[in-house]
Each structure stands twice: as C-alpha cells, then as structure tokens.
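Encoded as structure tokens, the structure appears first; notes follow it.
These numbers were taken from a predicted model, which means no experiment stands behind them. Order of the sequence lines fixes the chain letters, A, B, ..., with proteins taken first and strands second; residue numbering starts at 1 for each chain. Computation of the quantities below employed the complete heavy-atom set of this structure, encompassing side-chain atoms and omitting hydrogens, waters and symmetry-equivalent molecules.
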Amino acid sequence: MRDWVLHVDLDAFMAAVEILRNPELRGRPVIVGGNGDPTTPRTVVATASYEARQYGVHSGTPMRTAHKRLPDAVYLPTDLPAYEAAGAAVMDVLRSFPVIVEVWGLDEAFLGATTDDPEALARDIQHAVTAATGLTCSIGIGDNKHQAKLAAQFNKPAGVSRLTTETWQATMGERPTTALWGVGPRTGKKLADLGLHTVTQLAAADPAELAGRFGPTNGPWLRYLALGKGETTVTTTPWVPRGHSHETTFTRDLTDPAAMREHITALARRLAEETEGRPVTRVTVKVRHAPFTTHTRQAKLPAPTLDAATIEQAALTIFDRFRQDRPVRLLGVSVEYTQTGERR
DNA sequence: TCTGGGGTCCTAGGACCC
DNA sequence: TCTGGGGTCCTAGGACCC
C-alpha cells in the first residue's frame, strides 16, 4: 500500500449538466455561456460539449465566433445554481470512498488515497459518479497534485491515466513548457526567449538565471514544476476566500459618468451584502476602457468594516481617481477580507 | 479569438522609518 | 552635509487558472 494523489475532473461539466436536464440534447453540439444568445457581443463560451469542440469551439471562444462556426448548435445561458448543485452531488459521491477529498472549484477535486491499485479505485469512482449523477469524469493518478492534474487531461473524456515521478521524464520531457500546470503562454514565450522550449530544458536550467528573470519565488518554482514536483498534501479543510469581486462588461461602452457611478455603487452594495460577516480591509476598482486597456486603483480602509455605506463610499472615492473622459467597457469592484493570522 | 467573470499569488517601486 | 542600508507597508500591474 502506498499514497497517491488523484485528480477528478468532470467532463464538459456545464454542458453535461444541461444535457442531463434535457436528454434530447444528447449527441448535439451544446454551448453554455453568457445569456444564451450567441449574437450578444462581448460574451464568451463557458463550456462546450465534445460535439462542439470538434468545430473549434472551446471555453473562452467568443460567442459570436461560436455562432458563426455552429449556427445550429444549442446555446444556453449559464445557470450557476444548477452547476453548484450538480457539483456538490459529485463531491458527496467522492466522500463516500475511503479517501481525503479536497474540493477544487465547481467541477474538480483532488483525492488523497492509500491503495495498491489506484486504477481500480479510479474506475470504481467513475462508475459511482456516473451511477449517482449521470455525469462522467476523467481521473488522473500521480505522486502529487501537479502530476495528477496533468494526467487527468491525457485521456478525456472518461479516462484514467497515471503520471508519476518514474514516468515523468519519458512522458513530459519533450513537451513544451506550457504543458506544465502554471506555465501559460506569456511565461512560455519568455522561457523560449531564453532557449528553454521543452520541459527537459527547463528542468536543466540554471536556477539563478531563472530567479533573475522571473523573481526569487517564481524562477525556482518553474524549475520545480519541470522536474515534475508539486504539492503532495490533500486536505479536507475548507478554503477560506481571501476576497470577493464582481465585474460587468457592458454590451456597449458606457459614456455617462453618472451611470458609471451608479454601477460602481451597485457592485459595491452587492459585495457588502455578500461578506458573510467577514470585515473588508481593502477595496479595489477596475476600469477597462476601449479598446481593451485595464487599470485598477485600490485603497486600504482606515479600519476593517462590514458597513455597506462605507464600502460604497470607498469604491466611489477610488473610482473618482480615474480620468472620466473615456468610454468604459468594463467596471469592477473587489474587496479583500481580514486574513486569519493577519497582524493589524 | 474584438477578447466573461471570479479567483490566487507574485513582483516592483515608492514611501517611510530607524 | 550632497547622501547608507535594511525593513515594512502600500499600490498597480502581471500572470495564471477554472
């Protein structure tokens, strides 16, 4: 018996929940996102079913692009409460197994398991999830979260894959650095500029050079990822949110400052209602102008507060620090809470 | 690909203090 | 006087992930 980390990843989650609700959709391209109207500008796909992915429609594809490629697909608005309920049902199934369940968002979980046959466990979990909820999932098996997370993507949908320290080099070595969980396109480009294209090359890079280019934490961390290392702790301790935010992209740019202020107030009021008793220590306002330039301004409050009027007033005061003469595409407000263990 | 919304963490520079 | 060095806090922005 030894310890394993498993990553459970529900397949095409939001689309799958919609198909479950309406079985007539099965086999058709189903696209969930925005308000469900694919002609609305400035909206994107949240999840596409596998039938839609064949036509190049993925999460993040603009809805209008999806609509051009797939005019006859089924388009549905995002129904977060339905997905939360479906995700919670899956987590309950996972908890019925002798494993540690760490919920990781709506449709993912890491499991800590001690077994001789992790593939058999993974298959049992898949069958139980499908029997209880009708949803399918892919499961990755690894020595740590990084390996399990990557393995889950190897064989989707409904697959089981193993990626361990033993197989890391053979499996990952020749892949681009962006295959690593945490290396995106920007970092991939910077690494390529240093002549580091593959995982093996990054693993062999000079830590001091990486630290110089990416900072004292990020530089060494990149090499650590390339070596196939990662977090091994799986915990049931619920995540405590650091903060909370709301933002709105307007279908057409806002030009009226009074309307902007009204919107900032409304966003701040919503956040004040959603603190769940956690005092707010900092407020940030985000403004995206046309064409797509984004700026933030923030302020630490004189004292932590739950008071809605104080939070709204802070947001407005911060908003007034932006120049007011440009059309606005997006407005956002976010709050940070007192962190446990924070000195103040 | 005319580019959502909700998160997290890190970095760099300036202010300020001793 | 013509200018140190370290520590901490604050702010704006970047990058990544789902």
Point to revise | Derivation of the salt bridge (Lys or Arg N to Asp or Glu O under 4.0 Å) call for A:Asp193 and A:Lys190 | key: CA-CA 5 Å; A:Asp193 290 344; A:Lys190 287 180 194 170; over 6 Å; no

Point to revise | Full working for salt bridge (Lys or Arg N to Asp or Glu O under 4.0 Å) between A:Asp117 and A:Arg123 | key: CA-CA 10 Å; A:Asp117 191 347; A:Arg123 290 295 176 197; over 6 Å; no

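A:Gln153 and A:Ser138 share no side-chain donor-acceptor pair at under 3.5 Å.
Counting non-hydrogen atoms under 4.0 angstrom, A:Leu106 reaches nothing in the nucleic acid. At the heavy-atom level, A:Trp239 lies under 4.0 Å from the strands shown only through sugar-phosphate atoms. Across all strands shown, A:Lys149 has heavy atoms under 4.0 Å from sugar-phosphate atoms exclusively, and none from any base. Backbone-only contact: A:Val183 has heavy atoms under 4.0 Å from sugar-phosphate atoms and none from a base. Counting any heavy atom pair closer than 4.0 Å across all strands shown, A:Arg42 reaches sugar-phosphate atoms only and no base atom. Among the atoms of the strands shown, none is found under 4.0 Å from any heavy atom of A:Trp104. Residue A:Thr284 is classed as having no contact, given no heavy-atom separation below 4.0 Å to the nucleic acid. At a threshold of 4.0 angstrom between heavy atoms, the contacts of A:Ser245 are confined to the sugar-phosphate backbone, with no base atom among them. Using a 4.0 Å heavy-atom cutoff across all strands shown, A:Lys189 reaches no nucleic acid atom at all. Within 4.0 Å (heavy atoms only), A:Gly105 reaches no atom of the nucleic acid at all.
In the 5' to 3' direction, nucleotides of DNA chain B lying under 4.0 Å from heavy atoms of chain A begin and end at B:dT1 to B:dT11.
Transitive grouping of hydrophobic side chains (ILVMFWY, heavy atoms separated by less than 4.5 Å) brings A:Leu163 and A:Trp104 into a common cluster.
The nearest heavy atom of DNA chain B to A:Gly243 and to A:Lys68 marks one nucleotide each, and the one closer to the 5' end goes with A:Lys68. Annotation: of the two residues near DNA chain B, A:Pro241 and A:Arg329, the 5′-most nearest-nucleotide partner is A:Arg329.
In this structure, A:Leu267 and A:Glu247 approach most closely via the heavy-atom pair CD2-N, 4.5 Å.
For DNA chain B, runs of at least 3 consecutive pairs of the Watson-Crick or G-U wobble type, with both hydrogen-bonding distances under 3.5 angstrom, map to B:5-18 with C:5-18.
Cation-pi contact between A:Arg261 and A:Phe319: absent, since separation from the ring centre below 6.0 Å together with deviation from the ring axis within 45° is not met.
A distance of about 14 Å separates the C1' atoms of B:dG4 and C:dC17, rounded to the whole Å.
For the salt bridge (charged side-chain N to carboxylate O under 4.0 Å, His left out) with A:Glu336, the qualifying choice from A:Arg282, A:Arg242, A:Arg278, A:Lys300 is A:Arg282, the only one to do so.
The existence of a salt bridge linking A:Arg21 and A:Glu18 is confirmed by a sub-4.0 Å separation between a basic side-chain nitrogen and an acidic carboxylate oxygen.
Open room surrounds CZ on A:Arg186; 12 or fewer heavy atoms of other groups in view lie less than 6.0 Å from it.
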